[in-house]
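A short write-up of the structure that comes next.
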Amino acid sequence: MTIWWLTLLGLCLNLNLGSALQVPQHNCETYFSYYRESDGAFIGVFTAPRAGVNSLSWEVVFTAHGTDQASTVSSLKPYPDKERAFAKIRSGERGEVFVRFQDFGNELPKLVRAEFNDQVLCQNDEYEAPSSTMTRRQSMSTTTRITEVPKVLVVQSRPLSQSPPVLQSHPVPNIPNSFSNPFFSQNIPKIESDYEECGVEGFAPLQIGGDLVTRGQYPWLAALYEGGSSAIYKCVVTVISKRTVITAAHCIYGKSASQLWVYLGRHDRNENPENGASLVSVSNVLTPSGYEGSPVPDADVGLLVLTYAMVYTKYIRPLCLWGSNMGVPPNEGDTGAVAGWGFDRSVQKTRFPKTVSVQLVPRDQCLKEMKRAEDFITRRTVCAGNSESHGPCFGDSGAALIVLRNNRWHVRGVVSLSPRQGDICDLSKYVIYCDVAKHIDWVRQNMVM
C-alpha cells in the first residue's frame with residue numbers, strides 16, 4: 001500500500017508541475033518517488049522491496065547537469081523521521097528512507113542507481129559531462145547503534161584472550177580480557193549510521209610538484225599487515241565500503257584471514273598506535289576464480305571483508321567504484337594518481353605515504369614500448385606512467401589507480417607489476433595495473449556494505 005501511494009504521488013508530481021520544473025524519468029517507480037511536501041520542498045522517498053527486514057542498508061546515486069551540484073542532494077535519512085521509521089520496521093512494515101533536494105534550479109537530480117542490502121533495485125544512465133554524481137548511503141538496524149567513533153584504536157575479532165599483533169616492533173595496546181566489543185554492546189542505544197559521500201579528497205599540501213600526502217587527503221588509503229603475535233606491513237589497500245577494502249590479489253591470495261589486519265586511517269608507519277586510526281581484523285579473503293597465483297595481472301584484484309563495520313571519519317572514508325556505465329576513453333588518456341608507502345629512490349621504506357600523478361596510455365602503446373611485457377598486458381589490464389619516471393614501486397602493490405570524474409575520485413585499477421632495475425623499479429617504463437573497471441561486476445557482487 002505504501003509503494004502504491006508514493007508512486008501515485010510521484011505521478012501526480014510529474015503531471016502537475018508542467019514546464020516550471022523538470023522531473024527526470026527513471027525506471028524505479030516500485031521503490032522510489034519524487035514527492036512535494038506541504039511547504040513546497042522536494043524530497044525523494046525510497047521504500048524497501050520487502051517487509052520484515054530489521055537491518056537495512058541503502059546506497060543510492062543521483063546525477064545532475066553541471067559540475068557544482070554535489071550539494072543538491074542531502075544525506076539519506078529515515079522517513080518520515082527516525083522514531084516513526086523504526087516503529088514501522090519493528091512492526092514488520094517496509095522501511096523507508098529519503099533525501100531532500102535543494103538549490104537544484106529547474107530540474108530535479110536524476111536517480112541513477114538504487115541498491116538495497118547489496119541487491120540492485122534499478123539503474124539508469126548518467127548524464128554526460130559536465131555533470132555531478134552524488135552517492136548517498138544509509139544503514140539502519142533495530143539491534144545496533146553507534147553514536148560516535150569508539151575511543152578504542154584496535155578492534156579485534158580473535159578471542160579476547162589473544163592480544164592483537166605487534167607492528168614493526170612498536171607495541172599496540174593490549175585489550176583486556178574484560179573488554180566488550182564497542183560495536184555490539186547491548187548498552188549502546190539504537191540509531192542509524194550515515195555514510196559520507198565517496199571519493200571526496202581532503203586537504204592537499206600547498207606546493208607545486210610535491211608528492212607529499214597530507215593526513216586525510218586520501219581518506220580511503222589504508223595499509224595491510226600480516227602476522228600473528230607480530231605483524232609486518234605488506235601492501236596498500238583501499239576502503240570501498242564500511243566492511244570492504246580492495247587490493248591486489250597477489251597481496252592476499254592463499255592467506256588466512258586470521259593472519260591479516262587492515263590499518264584504517266593509517267599515515268605515519270612509525271606511530272603505533274596512531275591517533276585516529278584503527279587496526280581491524282579480517283573475516284574473509286576473496287579473489288576472482290580466474291586468479292590462481294599467476295603473475296599475470298589480468299585478474300590481480302582482491303577484496304578483504306572486515307570483521308566489523310568501520311566508522312567513517314575525516315581520516316577514514318571510501319573511494320568511489322568505477323561505474324559500469326562510465327566507460328573509458330577510446331584511446332585512454334585519463335590522468336590519474338597513485339599513493340602508497342612504497343620504496344623511495346634510495347630503496348628505503350617511506351614513513352609517510354606519497355602520491356604521484358600518472359597518465360593512462362592505450363594498450364597498443366604500452367605493448368609497443370614494453371615488448372618484453374606482452375605476456376602481462378591484456379585487455380583486462382591498463383598501463384600508466386609518468387614523464388619524470390615517478391610512480392609506484394615495491395611496497396605499493398595493491399594501491400588504487402584513481403581517476404577524477406565529476407569532481408570525485410574513482411578506482412580504475414590496482415598496482416600489479418612494474419619493470420625492475422636491480423633493487424628498484426624502472427619507472428621510465430609503464431606500471432601495469434589490473435583494470436578494476438573490467439572486474440567491477442565481480443567487485444560489486446562480492447563486497448559487503
Between [X] and [Y], is there a donor-acceptor pair closer than 3.5 Å when you use the side chain of the first and the backbone of the second?
| X | Y | result |
| --- | --- | --- |
| Thr355 | Val338 | yes |
| Arg363 | Gln365 | no |
| Lys314 | Pro219 | no |
| Ser283 | Val305 | yes |
| Asp396 | Trp341 | yes |
| Asp298 | Phe376 | no |
| Thr244 | Val448 | yes |
| Arg243 | Met449 | no |
| Lys438 | Arg379 | yes |
| Arg136 | Ser74 | yes |

Regarding [X] and [Y], does a basic nitrogen lie under 4.0 Å from an acidic carboxylate oxygen?
| X | Y | value |
| --- | --- | --- |
| Arg380 | Asp435 | no |
| Asp334 | Arg405 | yes |
| Asp81 | Arg84 | yes |
| Glu369 | Lys429 | no |

Just wondering, do [Y] and [X] contact through their side chains at under 4.5 Å, heavy atoms?
| X | Y | value |
| --- | --- | --- |
| Phe101 | Val99 | yes |
| Ile246 | Leu304 | no |
| Leu303 | Val443 | yes |
| Val415 | Tyr433 | yes |
| Thr381 | Cys434 | no |
| Leu76 | Arg137 | no |
| Lys77 | Val97 | no |
| Tyr312 | Pro318 | yes |

Could you tell me whether the side chains of [X] and [Y] share a donor-acceptor contact shorter than 3.5 Å?
| X | Y | answer |
| --- | --- | --- |
| Glu274 | Tyr263 | no |
| Glu126 | Thr63 | no |
| Ser416 | His250 | no |
| Ser281 | Thr307 | yes |
| His26 | Asn124 | no |
| Arg94 | Tyr31 | no |

Angle class for the [X]/[Y] ring planes (parallel below 30°, perpendicular above 60°, tilted otherwise)?
| X | Y | answer |
| --- | --- | --- |
| Trp322 | His410 | perpendicular |
| Phe46 | Trp58 | tilted |
| Tyr218 | Trp220 | parallel |

What's the shortest heavy-atom distance between Leu286 and Asn446, and which atoms? CD1-O, 3.6 Å
Between Cys28 and Leu111, which heavy-atom pair has the shortest distance, and what is it?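 Closest pair (atom of Cys28, atom of Leu111, distance): CB-CD2, 3.8 Å.
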Looking at [Y], is [X] sitting on its ring face, NZ or CZ under 6.0 Å from the six-membered ring centre and within 45 degrees of the normal?
| X | Y | value |
| --- | --- | --- |
| Arg269 | Tyr233 | yes |
| Lys234 | Tyr225 | no |
| Arg215 | Tyr315 | yes |

For Asn406, side-chain hydrogen bond (donor to acceptor under 3.5 Å, both in side chains) partners two or more places apart: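 With neighbours one apart ignored, the set is Ser131, Thr133.
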First locate atom CG of Asp364, then atom CG of Leu367, and finally report the distance between them rounded to the nearest 0.5 Å. 6.5 Å
Quick check for you: to the nearest 0.5 Å, what is the distance between Glu201 atom CD and Asn407 atom CG? 11.0 Å
Proximity of Tyr291 and Tyr253 rings by center, below 6.0 Å: yes
Per the side chain to side chain donor-acceptor pair (under 3.5 Å) rule, which among Arg408, Arg113, Glu59 passes with Thr135? Arg408
Using a cut-off of 6.0 Å, state whether more than 12 heavy atoms not belonging to Glu37 lie near its atom CD. yes
